[in-house]
Amino acid sequence: MRFSVSLKRLLCLLADGNFHSGVDLATALGVSRTAVWNMMRELKELGLEFSAISGKGYCLSRPVELLDGQAIQKALSPATKPQIAEIEIHDELDSTNSRLMGLASSGSASAGTVCLAEYQTKGRGRVGRVWHTPFGGNICLSLLWRFEDFNAFSGLSLAVGVAIARALRTEGVPGVGLKWPNDILWRGSKLGGILLEVSGEAHGRYAVVIGIGLNVHIPSSRAGDIDQAWVDLDQVTAGHPPSRNRLIAGLLNELFLLLPDYPAQGLQSYIGEWRQWHCQAGQPAVLHLGGLAIRGVVSGVSDDGLLMMDCEEGGLRKFASGDLRLRTDA
Ligand code: BTN
């Protein structure tokens, strides 16, 4: 679906979460009441829930805080601001990661370019999964950075997990944990994830796109789209989630603190803190790797960021990749 200018204007009028009559909305947009009704149906398809009550009009089931470049800029730290090349904000995009990977491969984006979207039509997760994004209900953030060589960003996705956990803590979100390698959890359910993508460039350099997805409010109508236990910031904070724009700025503040010095500092500066956020040590789990399902108990993470698992077959082993699931049958 193309996200039209009128649809955006309608959404801005409704974003406060109050009732607006069909007549007022139609007048403000210069369209018929039937056109307003059709646009409301389009909003529903995007994942926005609303009530329509005769005599009162339309009301979103909750206010929506739309992405706002100025609000994000205002909450950036003085150290972060000069490092940002550009912040792109899209109403609709296939995927913020795909967008920056495309810009990186055509050489048309500088390190420090940030891409945000209200809605992704082809959001991508790890291991080929789809990442679902109801309109305005998620943080979809990608950031492009460049490294001089491959070793310079070894373990980066774990360090990014620490940055996200710190940003959530700063915004007062309680009880966040990290799961190897790239998940943000809350009481065992998925709150967010990281998708790091890399492409080689001239002179041995690498473009790295750091993609972060965080669930802010997933409407119940969309719950069935997600194939694993999930949670959103709305639930975690009992209905008082942090401002989306401020949290985005907080994430950027943490990422820009991390990235410039990462080649010198490496994972060793973050692994101790990663272990403190780790919430699965000692838990029985299965690691899905290729066609294999390896059963064992999560023992921890090595200094170089590998998963250490006490396996039923083979004892303590280290793994560089895989999809880890907790076992409830142990
Ligand atoms: C995962 O846990 O599977 C990783 C999810 C990463 C989702 C984010 S949303 C922003 C960026 N754009 C994408 O298409 N994916 C990442």
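Note: hydrogens, waters and symmetry copies are ignored here, and every other heavy atom, side chains too, is used. Numbering of ligands and ligand atoms starts at 1, following listing order.
Of all protein heavy atoms, the one lying nearest to atom 16 (C) of ligand 1 is Arg124 O, 3.8 Å. At the top of the distance list for atom 10 (C) of ligand 1, counting protein heavy atoms only, stands Thr96 OG1, 3.2 Å.
Considering backbone and side-chain N/O of Arg126, one or more are found under 3.5 Å from N/O of ligand 1. Residue-to-ligand polar distances keep Lys122 apart from ligand 1: every N/O pair is separated by 3.5 Å or more.
Remark: the Gln276 side chain and the His278 side chain contain no N/O donor-acceptor pair separated by less than 3.5 Å. Side-chain contact, Ser98 with Arg124: a donor N or O sits under 3.5 Å from an acceptor N or O. Defined by atom type and a distance below 3.5 Å, a donor-acceptor pair is missing between the side-chain atoms of Asp310 and Ser299. Side-chain polar atoms of Thr121 and Asp94 form no donor-acceptor pair below 3.5 angstrom.
Of all the atoms in ligand 1, the ones that sit under 4.0 Å from a non-hydrogen atom of Gly125 are 1 (C), 3 (O), 4 (C), 5 (C). Residue Lys190 has at least one heavy-atom neighbour below 4.0 Å for each of these atoms of ligand 1: 1 (C), 2 (O), 3 (O). Listed by number with element, the atoms of ligand 1 under 4.0 angstrom from any heavy atom of Trp131 are 2 (O), 5 (C), 7 (C), 9 (S). Each of the following atoms of ligand 1 lies closer than 4.0 Å to a heavy atom of Ser95: 12 (N), 13 (C), 14 (O). Numbered from 1 in the order shown, with element, the atoms of ligand 1 that lie under 4.0 Å from a heavy atom of Gly123 read 14 (O).
No heavy atom of Arg129 sits closer than 4.0 Å to any atom of ligand 1. The closest approach between any non-hydrogen atom of Asn182 and ligand 1 is not below 4.0 Å.
Phe256 and Leu267 fall within a single hydrophobic cluster, where Ile, Leu, Val, Met, Phe, Trp and Tyr side chains are chained together by heavy-atom contacts under 4.5 Å.
When ring centroids are compared, Phe153 and Tyr206 come within the 6.0 Å threshold.
In Ile194, the part holding a heavy atom less than 4.0 Å from any atom of ligand 1 is the backbone. Contacts of Leu141 with ligand 1, taken as heavy-atom pairs under 4.0 Å, involve the backbone alone.
At a threshold of 4.5 Å between non-hydrogen side-chain atoms, the residues His90 and Glu118 do not count as touching. The side-chain heavy atoms of His20 and Lys56, taken from C-beta on, include no pair separated by under 4.5 Å.
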